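One structure is given here, and the rest of the page talks about it.
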Protein chains: 2
Amino acid sequence: MKKKYHHGDLRRKLIETALQIISEQGLEKVTMRELGKRLEVSRTAPYRHFSDKSALLCAIAEEGYKKLSTIIGQINEQNTDDPLIRIQNVGVAYVKFALSNPVHYRLMFGNEILESKRTPELVRLAEEVFNGVLFPIKLCQDKKLIRPINPYIIANVLWTMSHGISTLLIDGQMQATTAFKGLPALIQVNEISGSADIDRVFEYLGEIIANGILER
Amino acid sequence: MKKKYHHGDLRRKLIETALQIISEQGLEKVTMRELGKRLEVSRTAPYRHFSDKSALLCAIAEEGYKKLSTIIGQINEQNTDDPLIRIQNVGVAYVKFALSNPVHYRLMFGNEILESKRTPELVRLAEEVFNGVLFPIKLCQDKKLIRPINPYIIANVLWTMSHGISTLLIDGQMQATTAFKGLPALIQVNEISGSADIDRVFEYLGEIIANGILER
DNA sequence: CATTTAATGTTGACACTGTCAATTTAATAT
DNA sequence: ATATTAAATTGACAGTGTCAACATTAAATG
């Protein structure tokens, strides 16, 4: 790609600056004009790189999908003694990704980008992520570690779980510090950072999903 | 309340019209001016009823919380032979509410209303809903039907599940028709309406949460 | 009843937005 | 060195949230 023309690397900078504005002041403060202003470029310069605002947001979502897909792919390549652990690792990684990249995550799975404006590439990448969740489940079923329920369902259950907790935490609906307080030592909230230790939360949720909640 | 002054019942109409616009064309098409236009009133008339746009959206969210809270309250008042069924009923009602009132739901639990702009009343109503989820769980634990796990955790698991599936379906990320296709007869998608039969989906998810996914 | 008061609605104004069309600048290809 | 094309600019237009000043009318008050 070499060096760029005038600005140098405006496309990249636009994405970065948009991300920064969203996390600082929220999505509605992202304007094409403000982006131009911040990057010391004219108000319509961004249109040379993104056909409209929606296209810019799509690019961010795409970036997120690629990142998440890579993370999950790497975990699935790791060898583990216990294949069940791999499922947990995928779940933990998923939620951690969401919490570390809330802006990406909201654009990926939220309603900010209208359904009609989602690019085919976006849809493809989303499927790739789902397959990454499906994979370790099938593996465990092959080894008779998980009941022979349709693996799609189980994947959807795990996805539902991971997505649910991700969005509730990201959007400040569930307070990790209180939601999991006063629990057995198993779950301990990291009081210093103020954020829950996702590994332990997921460990606990995993135990529930694994064994169920019924008395037997 | 009798008849109103000039327009009659502008406040009510503003909420209704906003809801209609959001479900037809999305949130960003709701503008104070457009609301005025549609209701044949001046562009700033809405400001006599809502201090700003955010206040209008808060009012919609509040309406949603009250509705959901009432629904869950009614279910919890019903007598059931099997208290476990009550938990399932609450979950099903929750998801059904979300699917029937997607606009309300997104405003209630999404990020459209900035965290800083949420009124205290909004927070209180959200807690009320959570308590409605907690109640039947505690009841089942009293009767030794559910393992003596901290009931808060279980409520959070159920909430996570219900919220996760609600948002994935509402935002068109999970296709109910395909996500639960090719399953045992237990789950059958309503092909006519194109929407999943939430009762059955939840029945299935409920079974998984109840008994876990592990082979034993 | 007449009159004050407060609720409700209007008009004008401002700074801001997305985005198009026409134009200019400069990097690359020839 | 010139032609081509990518990148950036300026001007324009219709739309937006919201404030301040003003107008109208319902309700409260005497």
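In what follows, chains are A, B, ... by sequence order, proteins preceding strands, each numbered from 1. Not measured: the values here are computed from a predicted model.
Distance, A:Y47 OH to D:dG11 C1': 15 Å, rounded to whole Å. Per the geometry, CZ belonging to A:F50 stands 16 Å off C1' belonging to C:dT19, to the nearest Å. What separates CG of B:L35 from C1' of C:dG9 is a distance of 15 Å, to the nearest Å. One atom, CG of B:D52, and another, P of D:dC19, lie 8 Å apart when rounded to the nearest Å. If you take CE of A:M32 and P of D:dT16, they are 19 Å apart, rounded to a whole angstrom. Here D:dT9 presents its C1' atom at 15 Å from CG of A:L39, a figure rounded to the nearest Å. Atom pair B:L56:CG and D:dG17:P shows a separation of 11 Å (rounding to whole Å applied). Rounded to whole Å, the distance from CG on A:L10 to P on C:dA26 is 16 Å.
Between the base of D:dA6 and the side chain of A:R48 there is no donor-acceptor pair shorter than 3.5 Å. At a cut-off of 3.5 angstrom, the base of D:dG15 holds no donor-acceptor pair with the side chain of B:R33. The base of D:dG11 sits with one of its N or O atoms less than 3.5 Å from a complementary donor or acceptor on the side chain of A:R43.
Nearest nucleotide to the A:A45 side chain, out of C:dT19, D:dT18, D:dT9: D:dT9. Closest to the A:K53 side chain, of the nucleotides C:dG18, C:dT10, D:dA8, is C:dG18.
In this pair, B:F97 and B:H104 present their aromatic rings tilted. The plane angle is within the 30 to 60° band. Taking the six-membered ring where the residue is Trp, A:F130 and A:W159 present perpendicular rings, their angle passing 60° and hence far from 30°.
A donor-acceptor pair is defined here as one N or O able to donate and one able to accept, closer than 3.5 Å; such a pair exists between the side chain of A:Q141 and the backbone of A:I149.
Salt-bridge check for A:K13 with A:E40: failed, with every basic side-chain N at 4.0 Å or more from each acidic carboxylate O.
Taking 4.0 angstrom as the limit, A:H49 places a side-chain polar atom (N or O) nearer than this to OP1 or OP2 of D:dA8. Residue A:T44 has no polar side-chain atom (N or O) positioned under 4.0 Å from OP1 or OP2 of D:dT9.
In this structure, A:Y65 has its ring center closer than 6.0 angstrom to the ring center of A:F109.
Both A:E34 and A:S51 lie near DNA chain C, and the one whose nearest nucleotide falls closer to the 5' end is A:E34.
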